[in-house]
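The next block holds one structure in the form of structure tokens; read it before the comments.
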Amino acid sequence: MDAPILDTAPLVDPFQRTIDYLRVSVTDRCDFRCVYCMSEHMTFLPKRDLLTLEELDRLCSSFVDLGVKKLRITGGEPLVRRNIMWFFEQMGRHLDSGRLDELTLTTNGSQLARHAQGLADAGVRRVNVSLDTLDAEKFARVTRWGKLDAVLRGIDAARKAGMAIKINAVAIKDFNDGEVNDMIEWAGREDLDLTFIEVMPMGEMEEQERLGQYWPLTEVRTEIAKRWTISESTHKTGGPARYFDVAETGKRLGFITPLTHNFCESCNRVRLTCTGMLYLCLGQDHSADLRAPLRMSEENGPVRDAIRHAITLKPKGHDFDYSRQGVKGQVKARHMSVTGG
Ligand code: SAM
Ligand code: SF4
């Protein structure tokens, strides 16, 4: 048993931002190879480098001890990690105790059909499913390995299990730019919220290839406004999206715009990898190793101290910039699947 926690002050970074949101990448592996996220031939971490699920439980619980209220499980594909449902059940105990407000996940949906009920039973009320196109052939092309019908079945199962679903679509020039209206209509019909995301310069990719994919969401919004009546919404999820209400469908439409609108000033989150590295910003390399303090002692005191110290390293913001026909602030060494998007 761990000693009672004396230090329960919230985590506050050097810019006076309270950190109460932890995103955890529980694996770097995935059953898809999305073109903007992974290369076709990925080398994954050796299994021995991963934290065990018990260790991830200790780490996440330490964050909850320090005031984290929202936990998002991601990857790689979180639902391909063996025994991951055990981990969700363990995190569910923090919901039961009232110390955690929300347990959620971001998934590609491929395994959702078989896990939806278990997730709901563990206390997951909302799920984000990534889906960039409703065309099966294009879906196979962008994910390289994915099957659209499995994802659609997963979405259906999640809805039947009572979860609210948000679709995240990466806006990609010359790929899904002709589909935005169809996707809004489909989301309205299926009772799903929908958010468009700008492509971020993560992982290795030729600069021209990256620029070729980039479709600024200001342009996407102009396109959408030609067909739909959208008005800015006051809705907030604690995430970086800005929301609009679509009058015709009654559903919400979100935009995540790290490039055209920088939202770092209200950043409340940090990211933990499956090896125990804590990244303080998606777009910067500032990080701290939590695995060593975790393994140093069976008590969680050293790990809590290490978390507090790490928060003092959180930078003011990212430097992503596609302006002047170049890609700036790129984080080449880290694929999105490492820090979890
Ligand atoms: N495998 C899960 C999934 O796809 O939802 C979770 C991990 S994935 C890395 C999380 C999110 O990051 C997905 O919505 C994906 O579309 C997004 N993503 C990956 N690479 C990206 C990039 N370069 N720019 C913007 N979003 C990206
Ligand atoms: Fe896998 Fe998600 Fe990355 Fe696609 S975006 S390759 S589904 S981790």
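No hydrogens, no waters, no symmetry mates; every other heavy atom, side chains included, goes into these values. Atoms within each ligand, like the ligands themselves, are counted from 1 in listed order.
Under 2.8 Å from atom 1 (Fe) of ligand 2 lies no N/O/S atom of C37, from backbone or side chain alike.
Between D245 and K251 there is no salt bridge, since none of the side-chain N atoms of the basic residue sits less than 4.0 Å from a carboxylate O of the acidic one. Look at R58 and E54 and you find no salt bridge, because none of the NZ, NE, NH1 or NH2 atoms lies under 4.0 Å from a carboxylate O. Between E185 and R227, at least one side-chain nitrogen of the basic residue sits less than 4.0 Å from a carboxylate oxygen of the acidic one, meeting the salt-bridge criterion. At a threshold of 4.0 Å, the pair K70-D101 does not count as salt-bridged, since none of the basic side-chain nitrogens sits closer than that to a carboxylate oxygen. Using a 4.0 Å cut-off between a side-chain N of Lys or Arg and a carboxylate O of Asp or Glu, E232 and R242 qualify as a salt bridge. Under the 4.0 Å criterion applied to side-chain N and carboxylate O atoms, K316 and E265 are not assigned as salt-bridge partners. A salt bridge is defined here as a Lys NZ or Arg NE, NH1 or NH2 lying under 4.0 Å from an Asp or Glu carboxylate O, and E190 with R159 meets this definition.
Numbered from 1 in the order shown, with element, the atoms of ligand 1 that lie under 4.0 Å from a heavy atom of C37 read 19 (C), 20 (N). Taking a cut-off of under 4.0 Å to the non-hydrogen atoms of V199, the atoms of ligand 1 that pass are 24 (N), 25 (C). Atoms of ligand 1 found under 4.0 Å from any heavy atom of T74 (numbered from 1 in listed order, with element): 6 (C), 7 (C). Using a 4.0 Å cut-off to heavy atoms of E198, the atoms of ligand 1 that qualify are 24 (N), 25 (C). Listed by atom number, the atoms of ligand 2 under 4.0 Å from F32 heavy atoms are 6 (S), 7 (S). Interface of V170 with ligand 1, defined as ligand atoms under 4.0 Å from a residue heavy atom, comprises 16 (O), 26 (N).
Side-chain contact check for S61 and R93: at least one donor-acceptor pair (N or O, by modelled atom type) lies under 3.5 Å.
Counting heavy atoms only, G76 comes closest to atom 1 (N) of ligand 1 of the residues G76, G75, S25, A169.
Looking at C34 against ligand 2, both its backbone and its side chain come within 4.0 Å, counting heavy atoms.
Distances between N or O atoms of T107 and those of ligand 1 include at least one value under 3.5 Å. Below 3.5 Å of separation, one finds no N or O of D132 facing any N or O of ligand 1.
Using a 4.0 angstrom heavy-atom cutoff, G76 counts as in contact with ligand 2.
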